[in-house]
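Following: one structure in structure tokens, then a few remarks.
Numbered from 1 within each chain, the chains take letters A, B, ... in sequence-line order.
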Amino acid sequence: MSIQEKIIAAALSGVKELYGAEVPEKMIQLQETRPEFEGELTLVVFPLLKTSKKAPEATAQDLGAYLTEKCPELISKFNVVKGFLNLSIAAEQWIKLLEEIEHNPKFGFLPVTEESPLVMIEYSSPNTNKPLHLGHVRNNLLGWALAQVMEANGNRVVKTNIVNDRGIHICKSMLAWQKYGNGETPETSGKKGDHLIGDYYVAFDKHYREEVKQLVAQGMDEEKAKQEAPLIKEAHDMLVRWEQNDPEVRGLWKTMNDWVYAGFDETYKALGVGFDKIYYESDTYLEGREKVEEGLEKGFFYRREDGSVWADLTKEGLDEKLLLRSDGTSVYMTQDIGTAKLRFQDFPIDKMIYVVGNEQNYHFQVLSILLDKLGFKWGKDLVHFSYGMVELPNGKMKSREGTVVDADDLVATMIEDAYKMSEDKIKKLEGITEEETREIARIVGMGALKYFILKVDARKNMLFDPEESIDFNGNTGPFIQYTYARIRSILRKAAEQGIAIPETLPTNTELSEKEISLIQHLNGFTATLRQAGADYNPASIANYCYELVKEYNQFYHDFSVLREENTDKQAVRLALSSAVAKVVKNGMSLLGIEVPERM
RNA sequence: GGUUCGGUAGCUCAGUUGGAUUAGAGCAGCAGCCUUCUAAGCUGCGGGUCAAGGGUUCGAGCCCCUUCCGAAUCACCA
């Protein structure tokens, strides 16, 4: 039971005893006390006035007196300012909290059991015709962090990925490779597979535009030229052959996709993300059709004269939506229905979360309604975890204008920058090897990148300035990592000097204001984690970690641990430092960010 | 035009279910602090009509309405 829960329970019985009325738990409003007032937690009594039939001050006075008298082990003293009852928490509560954090490696986490709700999270969802870029990086980091947060809140999480591995865009790369590739492979070219394929996708576009230009010069209408260009016709032809299972096309498709997957795996590994189950669109794209036919029979959808199938969503305030083309083939929406069907066969899904950019808000609004109509129990309440675009200083990322920030380049640059930045600092550390220095640079560089992206509210568009790169000072990943390394250094030295954290901490030492406020922050981790889970908001964890280490750095500056002569005080400070390190490590780990022992 | 989401300091962002005369950080700028547990740190200074107006109430950056600005979307593309 947390300190807050204890106080709320005590206050409830206080209200009952004092005023003879049971009030709902919501009426007890507890919040952190403003720094300018004495106390740590504040009970706002305004909601209770109707019950007490007294003035705010008198009500607060009544409750304060009750709490200090009945629960001295919980509340040491109180003061009243207007309708605010400021409570000072008894020191032993804080000490107990430190002990709990010291002994519970999963402080704040809820356990996951067989009965826990099953949450499936789809994220990443790349196309196999080009390498991952900055937008994918945001998606992957958010998806991974969200999965960790949901799991820490007591959900069984299945991380999934739907790979868009078929379609005309894939054929374009394949065709270009056939025409201009001369049998080039990742091995012969030395390129990562996804980059190699991406280059041919670009090559296709270049030649294709050339053809269109020529046709237009010969007097053809541009729209028509785009359809009549020989390359695009060939690509369409290839798509038809793919759908007919043409062995040659399928063979090439398989080979080239495997190159891409090998490349993706490297990028995923560098980003520290992974999946429990990967779906391929080539397997799922036919499944949706069946579901749509089913919906058609049940009268949810209707067929037009040309044979196309539509859903009429005007009653829901939306438009009509195409589900099957007049030639009977699937569209994007149909495929998502098909994927949903397969997933539900594979897992007893309670909650489905799609991590997909906000440009698809409409799509998911529609998908939710359709899945619900088709009888998926989680369809209605599916969560579209919609995130904003990553913008560059001079506008958006456009592959055609060459303003794409490549994921692999970005990762390499961050690590390189961290290395340059760290070199002189890390070398000061004793007995450090080049290999360790590299590893620290990797952790710090990735930490900077991940924190930079995850600290901002996912819904908002964010600005990414590659020129200025990412800060290593202030509200950044490295700042948090640095604080962690500092604490670890203290703990190492303490161990060397034979100073250990006692099993039971002394409760008679007086805590300074700074120490109390630090412990209070630690206490807030649980609530932050719950909120992050309820709101699907990893950013709040990031900001929590920042606040915590900022506070710790102030403590670090003003108080010494190892030079403290009073052994009781020293024990508490050591436990406090250790607790901050543990919570920081856990919090950062929820974001997929590692923390170094030294830096 | 419809729908959805945003608008908080020069810049990048926090701001719990509405709470306390003075709305917070970081960056950038200026000024201090390393024979002392890691200075990627700490301390101080300046910087705001919370887009605008109205409403709800003991109380609004937060809730409701209107307006302005920005983004996304409304395809037989994915």
Side-chain angles (χ1 to χ4, degrees), chain A residues 26 29 31-34 36-37 42 44 46 49 56 81-84 86 125 127 164 166-169 281 304 306-310 317-319 321-327 329-333 335-336 357-363 365-366 386 388-389 391 396 418 421-422 425-426 428-429 444 448 452 455-457 459-465 468 471-483 485-494 497 524 527-528 530-531 534-535 537 539-540 542-543 546-547 549-550 553-554 556-564 573-574 577 598-599:
Chain A
K26 277 186 185 166
Q29 288 189 16
Q31 59 187 274
E32 285 183 13
T33 305
R34 291 255 168 165
E36 58 266 33
F37 300 100
T42 294
V44 185
F46 291 110
L49 299 183
V81 180
K82 296 183 190 168
F84 299 93
N86 299 322
S125 311
N127 288 350
N164 185 350
R166 61 159 286 279
I168 188 72
H169 50 292
E281 204 184 282
R304 288 190 183 169
D306 62 4
S308 57
V309 176
W310 296 73
L318 303 171
D319 296 326
K321 188 78 191 171
L322 178 82
L323 296 176
L324 288 177
R325 295 189 185 98
S326 46
D327 63 5
T329 57
S330 313
V331 293
Y332 177 41
M333 186 64 72
Q335 292 162 18
D336 256 354
N358 63 10
E359 71 272 13
Q360 293 194 27
N361 285 352
Y362 182 74
H363 173 82
Q365 225 179 321
V366 173
S386 163
M389 305 204 150
E391 287 165 358
K396 285 171 195 158
M421 173 87 194
S422 314
K425 296 179 178 170
I426 295 179
K428 286 192 302 194
L429 301 173
V444 172
F452 183 84
K455 78 172 172 186
V456 318
D457 186 339
R459 283 170 300 172
K460 292 185 178 171
N461 288 358
M462 64 174 293
L463 186 76
F464 185 87
D465 190 341
E468 290 179 20
D471 287 336
F472 291 80
N473 301 315
N475 185 358
T476 65
F479 172 77
I480 297 169
Q481 292 170 321
Y482 178 71
T483 310
R486 271 180 148 180
I487 298 175
R488 295 300 300 162
S489 174
I490 293 178
L491 296 174
R492 275 195 305 274
K493 293 206 162 131
Q497 295 172 26
T528 302
R530 289 302 161 271
Q531 200 68 42
D535 300 343
N537 183 12
S540 60
N543 287 302
Y546 172 67
E547 298 290 337
V549 302
K550 194 171 155 53
N553 276 325
Q554 291 163 4
Y556 179 93
H557 184 264
D558 295 341
F559 299 87
S560 180
V561 177
L562 297 178
R563 281 192 309 281
E564 173 58 49
R573 286 183 194 169
L574 202 57
S577 300
R598 299 197 282 178
M599 71 183 272

Ranking B/G41, B/G19, B/U12 by distance to the side chain of A/L463, first place goes to B/U12

B/U66 -> Watson-Crick or G-U wobble partner, both distances under 3.5 Å, gives B/A52

### Task
Determine the contact category for A/T476: base if any of its heavy atoms lies under 4.0 Å from a base atom, sugar-phosphate if only primed atoms, P, OP1 or OP2 are that close, otherwise nothing.
nothing

Practice item. Look at the side chain of A/S540 and the base of B/A14, then say whether one donor and one acceptor between them are separated by less than 3.5 Å. Key: no

Among B/C13, B/A78, B/A40, the one nearest any side-chain atom of A/V444 is B/A40

For the pair A/T42 and A/N86, evaluate side-chain hydrogen bond (donor to acceptor under 3.5 Å, both in side chains) and give the outcome as yes or no after the intermediate values.
CA-CA 4 Å; A/T42 294; A/N86 299 322; 2.7 Å; yes

* Evaluate the ring planes of A/F46 and A/F84, with Trp represented by its six-membered ring, and classify them as parallel (under 30°), tilted (30 to 60°) or perpendicular (over 60°). => perpendicular

Regarding the side chain of A/F479, the nearest nucleotide among B/G26, B/G41, B/G7 is B/G41

From the candidates B/U38, B/A78, B/C27, the one with an atom nearest any side-chain atom of A/I490 is B/U38

Problem set entry | Test item: A/I490 and A/L574 side chains (from C-beta on) under 4.5 Å apart, heavy atoms | yes

Check your understanding: Would you say A/N553 and A/F479 make side-chain contact, with heavy atoms under 4.5 Å?
Key -> yes

When rounded to whole Å, the CG to C1' distance for the pair A/D471 and B/U12 reads 9 Å

Worksheet item: Below 4.0 angstrom from OP1 or OP2 of B/A78, is there any side-chain N or O of A/R325?
Response: yes

Is the charged tip of A/R486 near the ring of A/Y556: under 6.0 Å from the six-membered ring centre and within 45° of its axis? yes

For A/D327, answer base if it contacts any base atom (sugar-phosphate contacts may also be present), sugar-phosphate if it contacts only those atoms, and nothing otherwise; contact means non-hydrogen atoms under 4.0 Å.
nothing

B/U73 -> Watson-Crick or G-U wobble partner, both distances under 3.5 Å, gives B/G2

Across every strand shown, the nucleotide meeting Watson-Crick or G-U wobble geometry with B/G29 (both distances under 3.5 Å) is B/C45

**Asked** If the C1' atom of B/A51 is compared with that of B/G70, how far apart are they to the nearest Å?
**Response** 11 Å

> Is A/R563 touching bases, backbone alone, or none of the nucleic acid, heavy atoms closer than 4.0 Å?
Replying inline: base

Testing B/A40, B/A78, B/C5 for proximity to the side chain of A/Y332, the answer is B/A78

- [ ] May I ask you to evaluate whether A/S489 reaches the phosphate of B/C37, defined as a side-chain N or O under 4.0 Å from OP1 or OP2?
- [x] no

Winner on side-chain proximity to A/R486, out of B/A78, B/G41, B/A20, is B/G41

C1' spacing across the pair B/A9 / B/U73, given as an integer number of angstrom = 33 Å

Atom CZ of A/F464 and atom P of B/C13 are separated, to the nearest Å, by 12 Å

**Request:** Check whether the aromatic ring of A/Y546 stacks on the base of B/A25, taking stacking as ring centres less than 5.5 Å apart and planes within 30° of each other.
**Result:** no

Base of B/A72 and ring of A/Y362 stacked, centres under 5.5 Å, planes under 30°:
no

